[in-house]
Amino acid sequence: MSRPKISLIGGGQIGGNLALLAAQKELGDVVIFDIPKAEGMVKGKALDLLQLRPHDGYDANIVGTSDWNDVKDSDVFIITAGIPRKPGMDREDLLGINLGIMKDVASNIKEQAPNAFVIVISNPLDAMVYAFYKISGFSKNQVVGMAGALDSGRFRAFIAMETGLSVQDVTCMVLGGHGDTMVPITRLATVGGVPVTDLIPAERLAEIEHRTRFAGGEIVKLFGNGSAFYAPAQCAIEMAESYLKDKKRVIPCASLCEGEFDIDGYFIGVPTVIGSGGVEKILEFDLTDDEKTELNNTLDAVKKTVNETGL
Ligand code: A3D
């Protein structure tokens with residue numbers, strides 16, 4: 001039995017970390033694909049990772065390439081192709097360039113591996129995953145966007161920092177679009193099963209929610225040139241692992257809603273079951289009136305960007 005094949009489309013900051021994590025978790029053999037101009041970079045990253053192998057001991061082959069034929073019959077794709085934000089930019093400012101790139105990527109993936117499971121990371125996320133879905137013609141189970149996992153993880157990290165308690169015991173979810181309108185569901189956040197609303201004063205929780213909404217921008221400002229890459233890579237690897245090992249993890253992801261949460265025809269962050277069937281199910285639950293209002297607000301923001309794709 002051969003190992004699964006995981007192709008990373010875009011071998012930049014996130015792509016390089018995806019390759020390292022996929023290899024270290026022995027999820028399968030890895031192909032790092034990038035444009036011809038960046039072929040040397042991805043070939044170099046692949047060689048470097050092969051030379052790390054004797055120390056770490058992972059059994060995975062790693063290839064760097066700019067030849068689409070090398071991704072043929074991949075089981076999983078993770079797409080980071082595109083440009084990241086610079087200080088002062090919104091994710092939406094990336095739409096023009098990244099949409100052109102997504103058109104190229106989606107048609108090539110469709111040709112090389114029509115049965116693959118595809119995780120999109122490129123921004124603006126909710127519009128990019130929609131664009132991939134429309135251009136490829138893939139089924140809704142095959143296509144998902146990584147954002148809610150990261151936004152929820154950021155919220156978890158900030159709650160752990162605030163309480164001084166183990167991040168392992170913090171659970172919470174952030175729904176909606178991957179932008180400033182995202183919706184942290186704070187009333188369901190717990191530390192070891194204890195509601196955070198009993199552990200942290202309301203006004204401080206509001207500050208933590210605000211920091212979560214703008215956490216990506218906080219890092220963009222610090223970097224000065226580029227956006228977060230360690231945590232985004234780890235989140236996408238968790239999603240790929242849940243698919244490859246049929247773990248059926250419940251992860252907030254940008255999935256195509258067809259009536260769930262009264263949303264129809266848009267990819268947006270919702271609690272998603274990922275297993276060997278890809279996106280197997282969206283777990284619905286009752287929202288409060290305030291949460292419904294916030295979700296409608298974030299949906300409007302997603303719709304606006306999606307409409308700008310013209311797809
Ligand atoms: P970066 O390090 O610039 O890597 C992007 C790579 O894509 C570069 O190596 C490019 O050469 C490559 N590329 C460009 N065009 C193509 C193409 N047609 N085919 C294949 N590869 C191509 O960026 P990064 O890794 O830091 O970020 C990648 C994307 O992820 C950006 O759009 C970010 O905004 C986005 N991002 C999303 C999140 C989410 O949570 C959704 C978080 C962080 C970054």
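Each ligand, and each atom within it, is numbered from 1 in the order the structure gives.
Those atoms of ligand 1 with a heavy atom of Phe33 less than 4.0 angstrom away are 19 (N), 20 (C). Distances below 4.0 Å separate heavy atoms of Ile83 from the following atoms of ligand 1: 31 (C), 32 (O), 34 (O). Residue contact check: Asn98 has heavy atoms under 4.0 Å from atoms 32 (O) of ligand 1. Set against the non-hydrogen atoms of Met146, the atoms of ligand 1 under 4.0 Å away are 39 (C), 40 (O), 41 (C). For ligand 1, the atoms sitting less than 4.0 Å from at least one non-hydrogen atom of Gly10 are 7 (O), 21 (N), numbered in the order shown with element in parentheses. Atoms of ligand 1 lying under 4.0 Å from at least one heavy atom of Leu94, given by number and element, are 34 (O). Near Pro232, meaning under 4.0 Å from any of its heavy atoms, are these atoms of ligand 1: 42 (C), 43 (C). The ligand atoms of ligand 1 that sit less than 4.0 angstrom from a heavy atom of Ile35 are 11 (O), 15 (N), 16 (C), 17 (C), 18 (N), 19 (N), 22 (C).
Among all protein heavy atoms, the one lying closest to atom 3 (O) of ligand 1 is Pro84 CD, 3.4 Å. The protein heavy atom nearest to atom 4 (O) of ligand 1 is Gly12 CA, 3.4 Å. Taking atom 36 (N) of ligand 1 as the reference point, the nearest protein heavy-atom neighbour is Asn123 ND2, 3.4 Å. Annotation: atom 15 (N) of ligand 1 to nearest protein heavy atom, Ile101 CD1, 3.5 Å. Scanning the protein for heavy atoms near atom 13 (N) of ligand 1, the closest one is Asp34 OD1, 3.6 Å. Among protein heavy atoms, the minimum distance from atom 14 (C) of ligand 1 is reached at Gly82 N, 3.7 Å. Protein heavy atom nearest atom 43 (C) of ligand 1, with residue, atom name and distance: Ala228 O, 3.4 Å. Of the protein's non-hydrogen atoms, Gln13 CB, 3.6 Å is the one closest to atom 26 (O) of ligand 1.
The shortest side-chain heavy-atom distance between Leu20 and Leu52 falls under the 4.5 Å cut-off. At least one side-chain heavy atom of Val191 sits less than 4.5 Å from a side-chain heavy atom of Val196. Between Arg91 and Asp180 the shortest side-chain heavy-atom distance falls below 4.5 Å. Contact of the Val129 side chain with the Val144 side chain is not registered, since no non-hydrogen atoms from C-beta on lie closer than 4.5 Å. Within the 4.5 Å cutoff, side-chain heavy atoms of Leu283 are placed close to those of Val273. The side-chain heavy atoms of Ile274 and Glu280, taken from C-beta on, include no pair separated by under 4.5 Å.
In this structure, Asp246 places its CG atom where more than 12 heavy-atom neighbours from other residues, nucleotides or ligands lie under 6.0 Å away. Residue-environment remark: CZ (Phe214) exceeds the threshold of 12 foreign heavy atoms within 6.0 Å.
Using a non-hydrogen distance threshold of 4.0 Å, Arg91 does not register as a contact of ligand 1. At a 4.0 Å cut-off, at least one heavy atom of Ser122 sits close enough to ligand 1 to count as contact.
In this structure, of Leu125, Thr80, Ile79, Asp104, the residue bringing a heavy atom nearest to atom 28 (C) of ligand 1 is Thr80.
If you look at Leu150 next to ligand 1, the close heavy atoms, those under 4.0 Å, all belong to the side chain. When non-hydrogen atoms are compared, ligand 1 lies under 4.0 Å from the backbone of Ile14 as well as from its side chain. Proximity of His178 to ligand 1, defined as any heavy-atom pair under 4.0 Å, is confined to the side chain (atoms from C-beta onward). Counting heavy atoms under 4.0 Å from ligand 1, residue Met41 touches it through the side chain alone.
Separation of the Phe77 and Phe132 ring centroids does not fall under the 6.0 Å cut-off.
Contact check on Glu291 versus Arg187 returns a salt bridge, with a Lys/Arg side-chain nitrogen under 4.0 Å from an Asp/Glu carboxylate oxygen.
Between Arg213 and the choices Glu294, Glu218, Glu207, the salt bridge (charged side-chain N to carboxylate O under 4.0 Å, His left out) rule is met once, by Glu294. Looking at Phe267, Phe138, Tyr266 one by one, the single match for ring pair (Phe, Tyr, Trp, His ring centres under 6.0 Å) with Tyr133 turns out to be Phe267.
The line from CG of Leu99 to CD1 of Ile135 is 6.0 Å long, rounded to the nearest 0.5 Å.
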Self-check item: Stepwise side-chain contact (heavy atoms from CB on, under 4.5 Å) test for Lys281 and Thr272
Solution: CA-CA 6 Å; Lys281 201 172 177 196; Thr272 301; over 6 Å; no

